[in-house]
2 protein chains.
Amino acid sequence: MTALEPSPEATTEDNEPAAKQIPPAAVARMTLYLRALNSLLAEGVERVSSEALAEASGVSSSTLRKDLSYVGSYGTRGVGYEVQYLSRHIAAALGLTHDWKVAIVGAGNLGKALARYGGFESRGFDVVAIFDADPMVIGNEVGWLRVSDSAELERVLERTHTNMVVLALPATVAQAVCDRVIAAGIRSILSFAPVLLQVPPHVNLRKVDMATELQILAYHAQRAQTPGQAI
Amino acid sequence: MTALEPSPEATTEDNEPAAKQIPPAAVARMTLYLRALNSLLAEGVERVSSEALAEASGVSSSTLRKDLSYVGSYGTRGVGYEVQYLSRHIAAALGLTHDWKVAIVGAGNLGKALARYGGFESRGFDVVAIFDADPMVIGNEVGWLRVSDSAELERVLERTHTNMVVLALPATVAQAVCDRVIAAGIRSILSFAPVLLQVPPHVNLRKVDMATELQILAYHAQRAQTPGQAI
DNA sequence: TTTTGTGAAGTCCTTCACAGCA
DNA sequence: TGCTGTGAAGGACTTCACAAAA
């Protein structure tokens, strides 16, 4: 029991939850290990060393072993890791045994692309609804779904048991919709809106901004070409 | 060979920032400051304190001031920062004075969505081409562009002076296309393919994986709900 | 007086190196 | 013997706290 905590004492009356915090950087890399493991599994590989898995994931082997040590010791010294066994344990540690129902808010170019993207289902996320406020768009088919009216947001989120929301909205309306989604009880949000969203502490918000990514690339590119440049 | 080394001091006197290495985490935040500053500019705000800009960017004021210190000192003690002036200097530090021509490879759902997304142009990136290998897709209109044949990749990249490429491809073909793009001389790549890409050291690669983002959210969500759970 | 810019302290993450086990 | 698991060392980033400047 409580295989997730490497911490020695299973305290009786502890105010803090037992499971230890995994460093954010390690959590992000876990998803890489999972992807690499599933890829190996598809190739029929049964065992893998930390060296090989690290290379397949694009990290150093010491980083890999340290990361795995946060979730437990599932390898065999002198041998390596059993691919399927390790994959299951990482998935469990990440909470992917849970059923995740995802709703997309915004049926513009990006929202539709996300709804049609096959990569979610295969990794344990069910897209169960997509919303828009535009009467010209409401009711349209997008993949297997039909666009719901944003006015029905709360009702549909509840009916579909949605527990994750993706915001694919223009910056101008993102905060207002975000507030409604949170009021409806959602605590996990992935936003593609290029704007800072204010959320209460119990809500988990992640942001993806494509223009930001290009800007970061620009910095490195400019640096490689012209080392030293003022305005 | 590029002079990327973080050489401590220039041999001559150094009043200027002198192109020092900026920590990656700071570079990422610079894009937030830039976004916030441009937003303030649009509102007609002329001056801003580190406290206010930090709040608008979602960081602490000490982090903001430390980050700004990497690119120079553009504030006035006791007063704050002039919005436009600071915005220009950060843009220059990020290399956004350069003209960036972006090509998108893959005209599926995501590729098309990216091509039609207006947020790139407004932040200094010109989308100049979009490619696909499917004869049914080649020639179709996407936004202001027409889908080019992947077979013409090298020729079109050169003709359009592309210096950044976005890969919006399935995992299976991403590496092959990536290799071609690099052979064509591109050194800045943003990949949306859910696979580890192998690139030579002089190439700058950034990755965005939407399923990964959801998995990270899942970890935090599961943790908030059920503290301690085995497989 | 106000607010920036920055050494120094503190915290978090990565890498090292080897003990521990199969 | 070979490879994992992990304390300890080393670095990188963040926060603190205050001197410097307007």
Side-chain angles (χ1 to χ4, degrees), chain A residues 3-8 20-33 37 45-83 85-87 89-90 93 216 219, chain B residues 4-6 8-9 14-18 20-33 37 40 45-83 85-87 89-90 93 216:
Chain A
L4 283 185
E5 51 156 7
S7 101
K20 225 198 68 185
Q21 178 84 286
I22 303 174
V27 173
R29 284 188 300 263
M30 297 277 184
T31 68
L32 302 179
Y33 308 151
L37 285 167
V45 178
E46 293 188 353
R47 268 183 294 149
V48 68
S49 68
S50 67
E51 196 64 54
L53 180 55
E55 183 172 350
S57 308
V59 305
S60 73
S61 69
S62 54
T63 295
L64 169 65
R65 291 201 302 277
K66 177 59 86 177
D67 286 351
L68 292 184
S69 81
Y70 293 122
V71 298
S73 43
Y74 299 118
T76 308
R77 292 171 198 230
V79 177
Y81 303 92
E82 209 200 307
V83 173
Y85 183 70
L86 183 58
S87 165
H89 276 283
I90 293 179
I216 295 171
Y219 168 73
Chain B
L4 279 180
E5 78 279 7
E9 299 302 325
D14 53 344
N15 335 357
E16 287 302 311
K20 227 195 60 185
Q21 180 80 279
I22 304 174
V27 173
R29 284 189 299 263
M30 296 278 184
T31 69
L32 301 180
Y33 307 151
L37 285 167
L40 289 171
V45 178
E46 293 186 354
R47 268 183 294 149
V48 69
S49 69
S50 66
E51 195 64 55
L53 180 55
E55 183 172 351
S57 307
V59 305
S60 74
S61 69
S62 52
T63 295
L64 169 66
R65 290 201 305 275
K66 177 61 85 177
D67 286 349
L68 293 184
S69 80
Y70 294 122
V71 297
S73 43
Y74 299 119
T76 308
R77 292 174 195 228
V79 177
Y81 303 91
E82 211 200 305
V83 173
Y85 183 70
L86 183 58
S87 166
H89 277 282
I90 293 180
I216 295 172

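Note: hydrogens, waters and symmetry copies are ignored here, and every other heavy atom, side chains too, is used. Throughout, a chain's letter reflects where its sequence line sits, starting with A, and its residues are numbered from 1. Every value quoted in this text rests on a predicted model; they were computed, and no experiment measured them.
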Using a 4.0 Å heavy-atom cut-off, write out nucleotides 14-21 of chain C from 5' to 3' as B (base contacted by protein), S (sugar-phosphate only) or - (no contact). BBBB-BBB
Check the distance between [N]'s [atom2] and [X]'s [atom1] and give it to me in whole angstrom.
X       : N      : atom1 : atom2 : value
B:Gln21 : D:dC13 : CD    : P     : 9 Å
A:Tyr33 : D:dT4  : OH    : P     : 13 Å
B:Tyr74 : C:dT6  : OH    : P     : 12 Å
A:His89 : D:dG5  : NE2   : P     : 12 Å
A:Arg47 : C:dA22 : CZ    : C1'   : 12 Å
B:Glu51 : D:dA17 : CD    : P     : 15 Å
B:Glu82 : C:dT3  : CD    : C1'   : 16 Å
B:Leu64 : D:dT15 : CG    : P     : 12 Å

Counting C-beta onward and ignoring hydrogens, is there a side-chain heavy-atom pair between [X] and [Y] closer than 4.5 Å?
X       : Y       : result
A:Val59 : A:Asp67 : no
B:Leu68 : B:Ile90 : yes
B:Val71 : B:His89 : no

Through what angle, rounded to 10 degrees, does the axis of the helix from C:dT1-D:dA22 to C:dA22-D:dT1 turn between its ends, using five pairs per end?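 Comparing the first five pairs with the last five, the axes sit 0° apart.
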Going by the angle between their ring planes, with limits at 30° and 60°, are B:Tyr74 and B:Tyr85 parallel, tilted or perpendicular? perpendicular
Nearest heavy-atom pair of [X] and [Y]: which atoms, and what distance?
X       : Y       : value
A:Val45 : A:Val83 : O-CG2, 3.6 Å
B:Ser50 : B:Ser61 : O-CB, 4.0 Å
A:Gly75 : A:Tyr81 : CA-CD2, 3.4 Å

How long is the gap from OH on B:Tyr33 to CG on B:Leu53, to the nearest 0.5 Å?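 Reported value, rounded in 0.5 Å steps: 7.5 Å.
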Rounded to the nearest 0.5 Å, what separation is found between the CD atom of B:Glu51 and the OG atom of B:Ser62?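 Going from CD on B:Glu51 over to OG on B:Ser62, the span is 9.0 Å.
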